[in-house]
**Student:** 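Before anything else, here's the structure in question.
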Amino acid sequence: MKKKVIEDNPKKERKVTSGPIRDKERTKARMIAAVGKVIQKKGYHALNGPNIALECGLNKALIWNYFGGLDQLVEAYMAQKDFWQLGDKGVLEQMISNPSSINISSLEELLQSQFNTFLKDKTKQKVIHWGLGEKTKALKNIAEKREMLGEELFKHIDARFENSENDLRATFAILVSSIYYMSLQAKSTGSTFFGIDINTEAGKQRIEKTIRKILEQTFTDVQR
């Protein structure tokens with residue numbers, strides 16, 4: 001007679017890799033990714049239900065079932081691509097959660113990260129170009145969220161500049177808008193700007209060095 005084998009350690013339950021919730025999330029991820037692919041291949045003017053559905057191989061009705069509409073789907077994609085919510089999010093969140101860490105170096109890191117991201121991410125370049133040329137609900141919502149995150153950062157810094165003639169908010173506005181424009185111009189035309197080619201490492205380093213100097217000058221009469 002064979003002895004009955006008693007397992008001391010019963011087999012672990014098999015991890016569930018599918019199901020309504022997981023399948024829905026995967027489908028949503030495919031649709032969000034499809035937005036970026038349509039922008040890359042056809043431009044933002046081609047963002048519509050049929051093109052997105054064709055790109056991800058799904059029924060266009062799912063756009064409304066899962067996101068509530070095309071604007072909401074585009075907004076979900078934009079949230080992943082937005083400056084404050086992409087590679088810089090960790091730096092920004094660290095500064096907000098630990099205000100004492102906010103200094104020239106951390107602010108420089110935030111701006112340099114943005115600069116590098118814009119130069120490398122072609123889809124993001126097209127998205128920013130889109131935002132400059134059209135008004136949409138998705139773009140407006142993303143801009144408002146970006147402003148809210150910016151307020152979270154600057155509310156910890158404003159007091160330092162209360163008695164200073166230097167304006168850090170205005171400085172950031174100029175630096176960020178300059179990064180936007182120079183990156184778009186360099187990548188769309190490949191030409192120089194005031195003789196500086198930021199498509200080259202030497203040109204890029206000149207801009208990065210100057211960003212540092214501008215921040216240092218802005219903080220000249222402010223206690224670090």
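All values below were derived from every heavy atom in this structure, side-chain atoms included, with hydrogens, water molecules and symmetry-related copies excluded. The model shown is predicted, which means the values in this text are computed figures rather than measured ones.
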**Student:** Check this for me: Lys60, atom NZ, are more than 12 non-hydrogen atoms of other residues, nucleotides or ligands nearer than 6.0 Å?
**Tutor:** no

**Student:** Apply side chain to side chain contact (heavy atoms under 4.5 Å, CB included) to Phe172 and Leu111, showing your working.
**Tutor:** CA-CA 9 Å; Phe172 246 69; Leu111 290 170; 3.8 Å; yes

**Student:** Does Asn48 use its side chain to pair, donor to acceptor, with the backbone of Asn51 at less than 3.5 Å?
**Tutor:** yes

**Student:** Would you give the length of the straight line joining atom CG of Leu47 to atom CD1 of Ile39, rounded to the nearest 0.5 angstrom?
**Tutor:** 4.5 Å

**Student:** Rounded to the nearest 0.5 Å, what separation is found between the NZ atom of Lys37 and the CG atom of Leu54?
**Tutor:** 11.5 Å

**Student:** With Ile179 as reference, evaluate Ile207, Asn116, Ile211 under the side-chain contact (heavy atoms from CB on, under 4.5 Å) test and give the passing residue.
**Tutor:** Ile211

**Student:** Can any side-chain N or O of Ser177 pair as donor or acceptor with the backbone N or O of Ile174 at less than 3.5 Å?
**Tutor:** yes

**Student:** If you look at every heavy atom in Ala34 and Cys56, which pair is closest and at what distance?
**Tutor:** CB-CB, 3.7 Å

**Student:** Can you name the side chain to side chain contact (heavy atoms under 4.5 Å, CB included) partners of Asn166, sequence neighbours left out?
**Tutor:** Phe161, Ser164, Thr218, Thr220, Asp221

**Student:** Would you mind checking if Arg212 and Glu216 are paired as a salt bridge, meaning a charged N to carboxylate O distance below 4.0 Å?
**Tutor:** yes

**Student:** Within this structure, what is the CD1-OH distance for the pair Ile52 and Tyr77, rounded to the nearest 0.5 Å?
**Tutor:** 11.0 Å

**Student:** Quick one: does any side-chain atom of Ser113 pair with a main-chain N or O of Glu109 as donor and acceptor, under 3.5 Å?
**Tutor:** no

**Student:** Output the distance between atom CG (Leu58) and atom CZ (Arg30), rounded to the nearest 0.5 Å.
**Tutor:** 4.0 Å

**Student:** Would a distance-only check, ignoring hydrogens and angles, find a side-chain to backbone donor-acceptor pair under 3.5 Å from Glu208 to Gln112?
**Tutor:** no

**Student:** Mind checking whether Ile196 and Tyr181 sit in one hydrophobic cluster, side chains of I, L, V, M, F, W, Y counted as touching below 4.5 Å?
**Tutor:** yes

**Student:** Any chance CZ of Arg206 has more than 12 other-residue heavy atoms, nucleotides or ligands included, within less than 6.0 Å?
**Tutor:** no

**Student:** If you count every heavy atom of other residues, nucleotides or ligands that lies below 6.0 Å from Glu144 atom CD, does the total exceed 12?
**Tutor:** yes

**Student:** Please report the interatomic distance CD(Glu152) to CE(Met95), rounded to the nearest 0.5 Å.
**Tutor:** 12.5 Å

**Student:** What's the shortest heavy-atom distance between His156 and Ile102, and which atoms?
**Tutor:** CB-CD1, 3.9 Å

